[in-house]
Asker: 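I am attaching a structure below and will ask some questions about it afterwards.
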Amino acid sequence: DEPLVQCADVANRKHLNILSINLLFSEIETRDQRLDAIAEFAAKTPVDVILLQEVAGGTLVHTANSALDLQGKLSARARNYELHTAFEVGLPGLLVVANAVLSRCEIDFRITKRLPRASEFNFQGHDIKLPRNVMMARINIPGSGKINIYNTHLCAKCTADELSAQLDVLLPFIDKVEAFFPR
């Protein structure tokens with residue numbers, strides 16, 4: 001039997017191919033076609049790691065987890081990826097939003113850090129502050145070693161001070177994680 005995740009070609013290539021893409025959680029009608037296009041691209045191109053932002057789940061978006069949907073589409077094209085999803089915000093069962101990492105190489109460690117809430121939208125005169133996160137996945141590249149990959153989606157419609165507050169948590173988190181692992 002072949003292992004679920006394979007990436008021996010990465011060490012031979014001497015580089016890691018990463019695709020980072022925002023899935024646009026609110027674009028429900030075109031999501032399936034967009035996921036097909038991503039899966040088709042990854043099947044034709046040696047994409048080793050896919051970083052996803054705005055992964056969606058819940059009855060309002062008609063899926064349990066759009067990153068899991070993409071993983072299935074990749075698998076149907078003989079491209080096996082390990083998946084790690086870090087949910088940020090939402091109402092479980094109704095609508096949740098997350099970041100995710102799909103990796104052809106084994107993910108042997110992962111950690112997520114909450115970032116400060118930031119104003120993202122106004123609802124009926126109420127300022128809605130949404131949480132964000134940064135996630136780290138430690139990827140094991142056979143014959144080459146391990147590398148830490150970070151994925152985040154910082155606030156988009158927030159003030160400069162709120163963005164700075166998120167960066168003030170994100171950057172020390174990365175420094176702390178990197179100091180923990182030997183070079």
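Everything numeric in this text was worked out from a predicted model, so none of it was measured.
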Asker: Considering residues at least two apart in sequence or located in another chain, which fulfil the side-chain contact (heavy atoms from CB on, under 4.5 Å) criterion with Ile18?
Answerer: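 Partners of Ile18 under the side-chain contact (heavy atoms from CB on, under 4.5 Å) test: Leu16, Val49, Leu51, Ile149.
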Asker: Membership question, hydrophobic clusters at under 4.5 Å side-chain separation (ILVMFWY): are Phe87 and Phe25 in the same one?
Answerer: no
Asker: Starting at SG of Cys7, measure out to CG of Asn12 and round the result to the nearest 0.5 Å.
Answerer: 10.5 Å
Asker: With sequence neighbours left out, write down each residue that passes side-chain hydrogen bond (donor to acceptor under 3.5 Å, both in side chains) with Thr159, or none if nothing qualifies.
Answerer: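 Only Glu162 meet the side-chain hydrogen bond (donor to acceptor under 3.5 Å, both in side chains) criterion with Thr159.
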Asker: Tabulate below the donor-acceptor pairs under 3.5 Å that side-chain atoms of residues 165-177 make, not counting sequence neighbours, or state none.
Answerer:
| unit_1 | atom_1 | unit_2 | atom_2 | d |
| --- | --- | --- | --- | --- |
| Gln166 | OE1 | Cys155 | N | 2.9 |
| Gln166 | NE2 | Pro116 | O | 3.0 |

Asker: Holding to side-chain hydrogen bond (donor to acceptor under 3.5 Å, both in side chains), I want the full list of residues that pass it with Ser20, two or more places apart in sequence or in another chain.
Answerer: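 Residues passing side-chain hydrogen bond (donor to acceptor under 3.5 Å, both in side chains) with Ser20: Gln53.
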Asker: For Leu52, which of Leu23, Val101, Asn22 qualifies under side-chain contact (heavy atoms from CB on, under 4.5 Å)?
Answerer: Leu23
Asker: Please list, chain by chain and in numerical order, all residues satisfying ring-ring contact (aromatic ring centres under 6.0 Å, His included) with Phe41, sequence neighbours excluded.
Answerer: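 Counting only residues at least two positions away or on another chain, Phe41 forms no ring-ring contact (aromatic ring centres under 6.0 Å, His included).
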Asker: Going by salt bridge (Lys or Arg N to Asp or Glu O under 4.0 Å), name the residues that satisfy it together with Lys73, two or more places apart in sequence or in a different chain.
Answerer: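 With sequence neighbours excluded, Lys73 shows a salt bridge (Lys or Arg N to Asp or Glu O under 4.0 Å) to Asp32, Asp36, given in chain and number order.
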Asker: Which atoms form the tightest heavy-atom contact between Leu74 and Ala39, and what is the distance?
Answerer: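 Minimum heavy-atom contact is CD2-CA, 3.7 Å.
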Asker: According to a 4.5 Å side-chain heavy-atom criterion applied to Ile, Leu, Val, Met, Phe, Trp and Tyr, with indirect links allowed, do Val10 and Ile50 form part of one hydrophobic cluster?
Answerer: no
Asker: Please report the closest heavy-atom contact between Leu83 and Ala100, naming both atoms and the distance.
Answerer: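 Taking Leu83 first and Ala100 second, the nearest heavy atoms are CD1-CB, 4.0 Å.
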Asker: Side-chain polar contacts of residues 132-141 - donor-acceptor pairs under 3.5 angstrom, sequence neighbours left out - could you list them?
Answerer:
| unit_1 | atom_1 | unit_2 | atom_2 | d |
| --- | --- | --- | --- | --- |
| Arg132 | NH1 | His153 | O | 3.1 |
| Arg132 | NH1 | His153 | ND1 | 2.3 |
| Arg132 | NH2 | Glu120 | OE1 | 3.2 |
| Arg132 | NH2 | Glu120 | OE2 | 3.3 |
| Asn133 | OD1 | Asn99 | ND2 | 2.8 |
| Asn133 | ND2 | Ala86 | O | 3.2 |
| Arg138 | NH1 | Asn148 | OD1 | 2.8 |
| Asn140 | ND2 | Glu106 | OE1 | 3.1 |

Asker: With sequence neighbours excluded, tell me which residues meet side-chain contact (heavy atoms from CB on, under 4.5 Å) with Asn17.
Answerer: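 For Asn17, the residues satisfying side-chain contact (heavy atoms from CB on, under 4.5 Å) (neighbours in sequence not counted) are Arg13, His15, Pro46, Asp48.
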Asker: Using distance only, find each side-chain donor-acceptor pair of residues 62-70 under 3.5 Å and give its atom names and separation, not counting sequence neighbours.
Answerer:
| unit_1 | atom_1 | unit_2 | atom_2 | d |
| --- | --- | --- | --- | --- |
| Thr63 | OG1 | Asn65 | N | 3.3 |
| Thr63 | OG1 | Asp69 | OD1 | 3.3 |
| Thr63 | OG1 | Asp69 | OD2 | 2.5 |
| Asn65 | OD1 | Ala67 | N | 2.8 |
| Asn65 | OD1 | Leu68 | N | 3.1 |
| Asn65 | ND2 | Thr85 | OG1 | 3.4 |
| Ser66 | OG | Ala56 | N | 2.9 |
| Ser66 | OG | Ala56 | O | 3.4 |

Asker: Find the distance between CD1 (Ile147) and CZ (Phe181) and round it off to the nearest 0.5 Å.
Answerer: 12.5 Å
Asker: Any side-chain heavy-atom pair from Glu82 and Leu102 closer than 4.5 angstrom?
Answerer: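 When only atoms from C-beta onward are counted, Leu102 and Glu82 do not touch, as no gap falls below 4.5 Å.
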Asker: Taking only residues two or more places apart in sequence, or in another chain, which ones meet Ala43 in a side-chain contact (heavy atoms from CB on, under 4.5 Å)?
Answerer: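 Residues passing side-chain contact (heavy atoms from CB on, under 4.5 Å) with Ala43: Arg77, Arg79.
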Asker: Are Ile28 and Leu94 connected into the same hydrophobic cluster when the rule is that any two of I, L, V, M, F, W, Y join if their side-chain heavy atoms are below 4.5 Å apart?
Answerer: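 Yes; tracing contacts between hydrophobic side chains, which count when under 4.5 Å, links both residues.
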Asker: Got a second to check how far Lys157's NZ is from Leu163's CG, nearest 0.5 Å?
Answerer: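 Those atoms lie 15.0 Å apart.
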Asker: Would you please name every residue forming a side-chain contact (heavy atoms from CB on, under 4.5 Å) with Arg34, sequence neighbours left out?
Answerer: Leu24, Glu27, Thr30, Arg31
Asker: Taking Thr45 for its side chain and Val47 for its backbone only, find out whether a donor-acceptor pair lies under 3.5 Å.
Answerer: no
